[in-house]
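To start, the structure under review is shown below, and the notes come after it.
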Amino acid sequence: MYNLLKGKKGIIFGALDSKSIAWKVAERAHEEGATFVLTNAPVALRLGTISELADKTGSQVIPADATSMMDLENLIDKSTEILGGKIDFVLHSIGMSVNVRRGNHYTNQDYNFTKTGWDVSALSFHRLMSMLYKKDAMNEWGSVVALTYMAAQRVFPDYNDMADNKAYLESVARSFGYFFGRDKKVRVNTISQSPTPTTAGSGVKGFDGFIAYAEEMSPLGNATALECADYTISLFSDLTKKVTLQNLFHDGGFSNMGVSNAIMDNFMESFDHEGAVAEETKTKKEK
């Protein structure tokens, strides 16, 4: 490829299977010359196929619960030992909602589940950066990227408490990113990706509808997992050294759209059909 990450070292969180964006990022980082450690929660490692990715990219896998400071410290210590020095890039691609999995409506959450989802999906990002910061584990001009979704800014009813988690995640990126940039010259950004058919995303009610709607709304169409990986690689590279504290929309233009012709045409077609049916029913009753 372009050797954009030649000589760079990193940690990639969240590769579960070949559908995962983190999986695609790992493949692309390998192609661009990087070496890295792969990590996920122990339960995810048992459920996924990360060992295949490790073999393909010549990487080692270190289990780590991102809600545990002890696990994160061990991960960072072992990673710097394996990689032979400080880290240049980190991808945080972690998210889950127990409320979504259990079918609990946003207005009727189990708050213990809410706290668990927030801890895994959002607070874990603060924990991770706190450990990287305290251990001075990042090289200058390093890059930390977390994946998010625009439900952090707009209402997507079935995205449930994950919307709140993503909002917190983005705030942490800005707030902690300031200190990381000022003190360590490290960049921190989030990528707000199009709805992507990953194993995790497919658990959200109505997710197929999200994808279809976004595809019709976006002038460039939805961004794929591989395209997101390409964008992530650019943020890990030295080509974006002064980009930080940003929530970067990678969604084919969806985030700046009000309505598209395709969506309006579909709406009017449905509206006209419903009106015709109502008129026909009215006529029959009058007869």
Side-chain angles (χ1 to χ4, degrees), residues 10-31 34-68 71-72 74-76 78-79 82 89-102 113 116-125 127-128 144-149 151 159-162 165-166 169 190-205 207-208 210-211 222-233 236 250:
I11 302 174
I12 296 176
F13 285 76
L16 180 66
D17 55 37
S18 59
K19 293 181 180 179
S20 306
I21 292 174
W23 186 291
K24 304 296 185 187
V25 171
E27 290 178 330
R28 288 292 293 113
H30 176 65
E31 291 168 356
T35 55
F36 48 83
V37 164
L38 298 167
T39 186
N40 213 328
V43 63
L45 295 181
R46 291 194 297 272
L47 295 173
T49 54
I50 196 171
S51 59
E52 296 176 15
L53 180 63
D55 291 341
K56 182 177 181 180
T57 59
S59 306
Q60 292 193 40
V61 179
I62 302 176
D65 177 352
T67 68
S68 165
D71 277 16
L72 289 173
N74 178 66
L75 170 67
I76 292 167
K78 285 190 173 180
S79 295
I82 290 168
F89 63 87
V90 177
L91 175 68
H92 179 284
S93 180
I94 308 170
M96 61 85 74
S97 167
V98 187
N99 281 308
V100 168
R101 291 180 180 178
R102 297 293 180 89
F113 292 164
T116 298
W118 169 70
D119 199 7
V120 172
S121 306
L123 189 60
S124 64
F125 189 45
R127 292 177 191 273
L128 169 62
V144 180
V145 173
L147 300 184
T148 185
Y149 182 56
Y159 205 63
N160 212 304
D161 55 340
M162 277 302 299
N165 295 337
K166 293 301 187 184
L169 179 87
T190 54
I191 295 176
S192 187
Q193 165 71 359
S194 296
T196 309
T198 62
T199 300
S202 61
V204 177
K205 180 183 176 184
F207 195 72
D208 289 345
F210 280 7
I211 294 175
N222 288 331
T224 66
L226 180 57
E227 288 166 339
C228 184
D230 287 337
Y231 192 39
T232 305
I233 294 301
F236 288 163
H250 185 253

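It should be emphasised that the depicted structure is a prediction, and the values quoted were computed from it without experimental measurement. Positions are given from 1 along the sequence.
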Distance in Å, [X] [atom1] paired with [Y] [atom2], rounded so as to fall on 0.5 Å steps:
X: T232; Y: L226; atom1: OG1; atom2: CG; answer: 10.5 Å
X: T198; Y: L16; atom1: OG1; atom2: CG; answer: 9.0 Å
X: N165; Y: I94; atom1: CG; atom2: CD1; answer: 12.0 Å
X: L53; Y: L38; atom1: CG; atom2: CG; answer: 5.0 Å
X: T39; Y: L91; atom1: OG1; atom2: CG; answer: 11.5 Å

Could you tell me which residues satisfy side chain to side chain contact (heavy atoms under 4.5 Å, CB included) with [X], sequence neighbours excluded, listed by chain and number?
X: S97; result: N99, V100, D161, M162
X: H30; result: F36, T57
X: A151; result: Y149, F156, Y159, A163
X: N222; result: S194, P195, I211, A214, E215, S218

* Any donor-acceptor pair under 3.5 Å linking the side chain of T49 with the backbone of E52? ->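 It does not hold such a pair.
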
* **By ring pair (Phe, Tyr, Trp, His ring centres under 6.0 Å) - contacts of F113 (at least two apart)** =>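 Not a single residue meets the ring pair (Phe, Tyr, Trp, His ring centres under 6.0 Å) criterion with F113.
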
Which heavy atom of [X] sits nearest to which heavy atom of [Y], and what is that distance?
X: L72; Y: A66; answer: CD1-O, 3.6 Å
X: V145; Y: F236; answer: CG2-CE2, 3.7 Å
X: G14; Y: A22; answer: C-CB, 3.6 Å
X: K19; Y: A225; answer: O-CB, 4.3 Å

* To do: Apply side chain to side chain donor-acceptor pair (under 3.5 Å) to T224 and list each qualifying residue two or more places apart in sequence or on a separate chain.
  =>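 Result, side chain to side chain donor-acceptor pair (under 3.5 Å) vs T224: E227.
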
* To do: Could you tell me which residues satisfy side chain to side chain donor-acceptor pair (under 3.5 Å) with T67, sequence neighbours excluded, listed by chain and number?
  =>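 Checked T67 against side chain to side chain donor-acceptor pair (under 3.5 Å); matches are D65.
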
* Go through the steps for I11 and L128 under the test side-chain contact (heavy atoms from CB on, under 4.5 Å), then give the verdict. => CA-CA 11 Å; I11 302 174; L128 169 62; 6.0 Å; no

* To do: Mind checking salt bridge (charged side-chain N to carboxylate O under 4.0 Å, His left out) for D230 and listing every partner two or more places apart, or none if nothing turns up?
  =>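 Applying salt bridge (charged side-chain N to carboxylate O under 4.0 Å, His left out) to D230 gives R28.
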
* To do: Using salt bridge (charged side-chain N to carboxylate O under 4.0 Å, His left out) as the criterion, list what pairs up with K56, not counting sequence neighbours.
  =>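 Per chain and number, K56 pairs via salt bridge (charged side-chain N to carboxylate O under 4.0 Å, His left out) with E27.
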
* To do: Could you please spell out the steps behind the side-chain contact (heavy atoms from CB on, under 4.5 Å) verdict for I12 and F89?
  => CA-CA 8 Å; I12 296 176; F89 63 87; 4.2 Å; yes

* Is C228 close to L147 at the side-chain level, that is, under 4.5 Å between some pair of heavy atoms? ->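 Result yes, sub-4.5 Å side-chain heavy-atom pair found.
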
* To do: Quick one: do F13 and L75 satisfy side-chain contact (heavy atoms from CB on, under 4.5 Å)? Show the steps, please.
  => CA-CA 11 Å; F13 285 76; L75 170 67; 3.3 Å; yes

Please output the side-chain donor-acceptor pairs of residues 116-125 that fall under 3.5 Å, not counting sequence neighbours, one pair per line with the distance.
| unit_1 | atom_1 | unit_2 | atom_2 | d |
| --- | --- | --- | --- | --- |
| T116 | OG1 | N112 | O | 3.1 |
| D119 | OD1 | R127 | NE | 3.3 |
| D119 | OD1 | R127 | NH2 | 3.1 |
| S121 | OG | M96 | N | 2.9 |
| S121 | OG | M96 | O | 2.9 |
| S121 | OG | G117 | O | 2.9 |
| S124 | OG | H92 | NE2 | 2.9 |
| S124 | OG | V120 | O | 2.6 |

